[in-house]
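In what follows, a structure is listed as structure tokens, so that the remarks can point back to it.
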Amino acid sequence: MQVCSRVSRGMNASGRTEPSAAQHRQPAPPGSAGSTGQGEARGSREPVRGAIPARRVREPSVPQGAAMGCRRVPGPVLALLLLLCPPPSPACPAACRCAPGEADCSERGLREVPWSLPTNTSALWLGYNFITVLGPRSFPALPGLRLLSLAHNRLELIHGQALLGLGALQELDLSHNLLTVLTPETFLPLTSLATLNLGSNRLGELEPGVLGALPQLRALLLQDNLWVCSCGILPLWRWLSHNREKVREKSLLLCRVPEQLNKYPIMAFGDESFRQCQGTSLSSQQYITFFIIGPFSFIASIFFCTFMGSLIVFYHSLRRESHCWRRPRVCRVH
């Protein structure tokens with residue numbers, strides 16, 4: 001392949017070769033001053049001063065391709081250059097400020113996640129907006145996303161499939177929102193998540209499977225929530241007791257309900273605090289067992305009572321017949 005550039009020497013703008021100065025010089029007509037002087041110079045022995053002998057100027061030969069300034073690029077080098085050039089990424093959304101690998105969409109009054117984000121985004125800031133719900137697949141394909149901040153929004157609900165496609169995410173900030181319930185399905189796609197901030201929401205309790213769905217979790221923030229310190233918080237307390245090194249801001253993890261336990265540290269509870277809950281709490285399997293055994297035992301008790309009553313009646317009838325055999329006159333009177 002040749003990469004060419006025009007050279008100005010010997011070519012005009014239209015690509016045609018310009019004539020040289022010798023080609024522009026026309027021969028003088030007969031009878032002119034120039035021709036007379038030259039004739040006299042030939043007839044005399046001394047040359048005429050000022051007369052220039054005509055010479056044929058030969059232009060230096062230019063190799064083919066050099067006049068066009070061509071350079072031949074080897075095929076492998078060209079292929080390498082094409083591979084090194086990154087493919088064009090989608091343009092930055094109008095509501096965001098983008099840098100290489102980053103997209104800052106905070107404080108833009110957004111009500112949903114921008115869809116046309118660069119695919120090479122590794123950090124995405126969406127804080128201080130008006131996002132209320134994250135529906136199914138709320139984010140475009142961002143395979144390299146490592147940090148996602150949704151702090152200071154109005155989030156009330158996160159769908160179980162809202163975070164699909166964010167398997168590389170390592171840090172998620174959901175603080176300062178209005179979240180009341182979280183399900184384990186929401187965090188199942190986040191197999192690489194190491195830091196989760198749920199502070200300053202309206203969480204009263206947390207299902208056991210929510211934190212169990214995050215095998216790589218290293219830092220958890222739960223402060224400033226509306227924690228209800230009753231038997232419903234027992235699964236969260238158990239997880240916190242076994243993972244104390246992962247909990248940040250332990251001193252701010254306080255009860256809000258009931259009133260007598262307001263601002264009481266959750267981490268200060270012991271096993272004796274939940275002894276009553278452990279004795280009375282039943283699992284779903286236990287409830288199912290009771291529903292099955294209850295009607296069965298009731299029917300079985302009816303059959304048992306009927307059987308026992310039949311035995312008693314049969315026994316009394318046998319006794320009466322034996323008594324009649326011994327005293328037939330008495331039986332005839334009755």
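Counting all heavy atoms, side chain and backbone alike, Ala168 lies closest to Arg146 at CB-NH1, 3.2 Å. Here the closest non-hydrogen pair linking Leu142 and Pro118 is CD2-O, 3.4 Å. Contact detail for Ile233 and Ile266: the closest heavy-atom pair is CD1-CD1, 3.6 Å. Minimum heavy-atom separation, Leu253 to Leu240: CD2-CD1, 3.5 Å. Summarising the geometry of Ser175 relative to Asn201, their closest heavy-atom pair is CA-ND2, 4.0 Å, with the distance given to 0.1 Å. When all heavy atoms are compared, the tightest approach of Leu148 to Leu126 is CD1-CD1, 4.2 Å.
Atom CZ of Arg256 is surrounded by 12 or fewer heavy atoms from other residues, nucleotides or ligands within 6.0 Å. Within a 6.0 Å sphere centred on CZ of Arg97, heavy atoms belonging to other residues, nucleotides or ligands number more than 12.
A distance-only check finds a donor-acceptor pair linking the side chain of Asn129 to the backbone of Gly109 [under 3.5 Å]. Checked by atom type and distance alone, the side chain of Arg218 pairs as donor or acceptor with a backbone atom of Gln216 at under 3.5 Å.
Geometric assessment of Arg111 against the ring of Phe130 yields a positive cation-pi assignment under the 6.0 Å and 45° thresholds.
Considering Trp227, Tyr264, Trp237 in turn, Tyr264 is the only one that fulfils the ring-ring contact (aromatic ring centres under 6.0 Å, His included) rule with Phe269.
Ring pair His152/Tyr128 is parallel by interplanar angle, where below 30° counts as parallel and above 60° as perpendicular.
Once rounded to the nearest 0.5 Å, the distance linking OG of Ser122 with CD of Gln170 reads 10.0 Å. For the atom pair Ser106 OG and Leu150 CG, the distance stands at 11.0 Å (nearest 0.5 Å).
One hydrophobic cluster, built from ILVMFWY side chains closer than 4.5 Å, holds both Leu172 and Leu110.
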